[in-house]
*Asks:* 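This is the structure, below, for whatever I ask next.
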Amino acid sequence: QQEPLSGRPKTARLVAPTGIVLLIILSLWYFGIQPNHWFKTDFGTLILDNQGKPLSAALNSNEQFRFVHTDSIPNKVKTCVLLYEDQYFYYHPGVNPVALGSALWQGVKGKKLRGGSTLSMQVVRLATGNKAKTIFRKVKEIVFATRLEAAFSKDEILEKYLSLAPYGSNIIGIEAASWRYFGKAPSGLSWSQAAMLAVLPNNPAQLYPGKNNALLKAKRDALLKKLLQEEIISCLVYTSPSP
């Protein structure tokens with residue numbers, strides 16, 4: 001009679017080393033990637049009078065207008081940015097599989113990689129300076145974005161995006177953009193103004209007040225129309241002629 005094989009089954013013998021490898025990978029992901037190191041606090045200075053009007057502003061060390069954002073994110077700004085950039089921001093773990101799959105498929109077909117980036121992925125790109133539009137960059141952004149989500153809350157990630165996003169010329173962050181273009185804090189923006197700032201970071205080199213104004217207005221109005229369709233604003237706000 002044939003004796004039973006000694007020892008554990010082969011699949012069982014693989015469980016322990018596989019678990020160790022996964023533990024090592026998870027440890028490297030969690031402890032090796034330190035999102036806190038990505039965010040520089042290089043701000044300029046904005047001086048206001050006792051009426052809250054700007055008196056003077058100083059650039060940061062990179063010759064940029066970038067100011068500390070001290071208030072909570074205004075609802076108009078948050079709504080416009082999420083509707084334009086990432087409608088599922090509060091529902092995904094840093095990566096939107098559907099949008100990313102579509103973008104990667106375009107890359108496989110030899111077309112330029114466009115879209116697919118969540119706000120978390122954009123924060124990674126802005127913070128790390130990774131601008132090359134390649135599949136490898138996308139993979140790196142995916143890994144780093146999931147780590148970012150593990151380290152910060154959704155509102156903290158949104159705040160970091162609004163602090164790092166480019167708004168044309170040497171203007172960085174929603175605070176500087178709001179003061180530079182409208183002479184007010186983000187909390188005082190109208191829906192029209194918030195919508196305009198929401199579309200700027202998508203192409204800040206070619207699109208900002210004073211450059212390609214017709215295209216800028218068209219993009220702003222398209223976002224306002226979307227806000228109207230979602231019943232977030234009224235028709236009266238949408239037809240307002242304010243810039």
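When a residue number appears, it is its place in the shown sequence, counting from 1. Remember, it's a predicted structure, so these values are computed and weren't measured experimentally.
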*Asks:* Taking all atoms of both residues into account, what is the closest heavy-atom pair of Ala198 and Tyr84, and its distance?
*Replies:*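 It is O-CD2, 3.6 Å.
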*Asks:* Mind checking the CE-OH spacing from Met196 to Tyr181? Nearest 0.5 Å is all I need.
*Replies:*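 Answer for the CE-OH pair, Met196 versus Tyr181, is 7.0 Å.
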*Asks:* Could you go step by step and tell me if Arg66 and Asn170 meet the side chain to side chain contact (heavy atoms under 4.5 Å, CB included) rule?
*Replies:* CA-CA 9 Å; Arg66 186 185 179 208; Asn170 62 339; over 6 Å; no
*Asks:* Could you go step by step and tell me if Asp86 and His92 meet the side chain to side chain contact (heavy atoms under 4.5 Å, CB included) rule?
*Replies:* CA-CA 10 Å; Asp86 191 351; His92 61 62; 2.9 Å; yes
*Asks:* If we only count heavy atoms from C-beta on, is the Ile171 to Arg180 side-chain gap below 4.5 Å?
*Replies:*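 Ile171 vs Arg180: side chains touch.
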*Asks:* For the pair Thr128 (side chain) and Val124 (backbone), establish whether a donor and an acceptor sit closer than 3.5 Å, ignoring hydrogens and angles.
*Replies:*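 Yes; judged by distance alone, with no hydrogens or angles, the pair exists.
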*Asks:* May I ask you to check whether over 12 heavy atoms, not counting those of Tyr90, lie within 6.0 Å of atom OH?
*Replies:*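 Yes - once you tally the heavy atoms of other residues, nucleotides and ligands closer than 6.0 Å, there are more than 12.
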*Asks:* With a 6.0 Å cut-off (strictly less than), is the heavy-atom count around NZ of Lys217, excluding the residue itself, greater than 12?
*Replies:*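 Atom NZ in Lys217 is not crowded, with 12 or fewer foreign heavy atoms closer than 6.0 Å.
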*Asks:* If you round to the nearest 0.5 Å, how far is CD1 of Ile157 from OG of Ser120?
*Replies:*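 Result: 4.0 Å between the selected atoms.
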*Asks:* What are the two closest heavy atoms between Leu200 and Pro209, and how far apart are they?
*Replies:*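 The pair with the smallest heavy-atom distance is CD1-CD, 4.1 Å.
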*Asks:* What's the separation between atom CD in Glu85 and atom SG in Cys80, rounded to the nearest 0.5 Å?
*Replies:*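 Spacing of CD (Glu85) from SG (Cys80) equals 11.5 Å.
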*Asks:* How many angstroms lie between CG in Leu148 and CD in Glu156, if you round to the nearest 0.5 Å?
*Replies:*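 Atom-to-atom, Leu148:CG and Glu156:CD are 9.5 Å apart.
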*Asks:* Taking Lys184's backbone N and O only, do any of them form a donor-acceptor pair with Ser178's side chain (distance below 3.5 Å, no angle check)?
*Replies:*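 Pair found, side chain donor or acceptor close to backbone of Lys184.
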*Asks:* Do Lys78 and Asp155 have side-chain heavy atoms sitting under 4.5 Å apart?
*Replies:*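 They are in contact (side-chain heavy atoms under 4.5 Å apart), so the answer is yes.
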*Asks:* To the nearest 0.5 Å, what is the distance between OG (Ser187) and CD (Glu175)?
*Replies:*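 The distance works out to 8.0 Å.
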*Asks:* In Å, rounded to the nearest 0.5 Å, how long is the span from CZ of Phe152 to CG of Leu158?
*Replies:*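 Reported value, rounded in 0.5 Å steps: 13.5 Å.
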*Asks:* Of Leu119, Leu197, Val123, Ile73, which meets side chain to side chain contact (heavy atoms under 4.5 Å, CB included) against Leu162?
*Replies:*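 Exactly one pass, corresponding to Ile73.
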*Asks:* Where is the tightest heavy-atom contact between Ile172 and Leu164, given as atom of each residue plus distance?
*Replies:*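 Between these two residues, the closest heavy atoms are CG2-O, 3.6 Å.
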*Asks:* Which is it for Phe89 and Val81 under the side chain to side chain contact (heavy atoms under 4.5 Å, CB included) test, yes or no, and what are the steps along the way?
*Replies:* CA-CA 10 Å; Phe89 175 67; Val81 169; over 6 Å; no
*Asks:* Side chain of Ser163, backbone of Glu159: donor and acceptor closer than 3.5 Å?
*Replies:*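 Pair absent, no side-chain N/O of Ser163 close to backbone of Glu159.
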*Asks:* Please find the pair of heavy atoms, one from Gly94 and one from Thr118, that lie closest to each other, and give the distance.
*Replies:*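 In this case the closest contact between Gly94 and Thr118 is O-OG1, 2.6 Å.
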*Asks:* Report the C-alpha separation of Glu149 and Lys154 in whole Å, then their side-chain angles, then the decisive distance to 0.1 Å, and conclude whether the salt bridge (charged side-chain N to carboxylate O under 4.0 Å, His left out) test is met.
*Replies:* CA-CA 7 Å; Glu149 293 268 347; Lys154 287 289 188 179; 2.9 Å; yes
*Asks:* Determine the minimum heavy-atom distance between Ala195 and Leu224, stating which atoms define it.
*Replies:*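 Taking every non-hydrogen atom into account, CB-CD2, 3.9 Å.
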*Asks:* Are more than 12 heavy atoms from other residues, nucleotides or ligands located less than 6.0 Å from atom CD of Glu231?
*Replies:*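 No, not enclosed.
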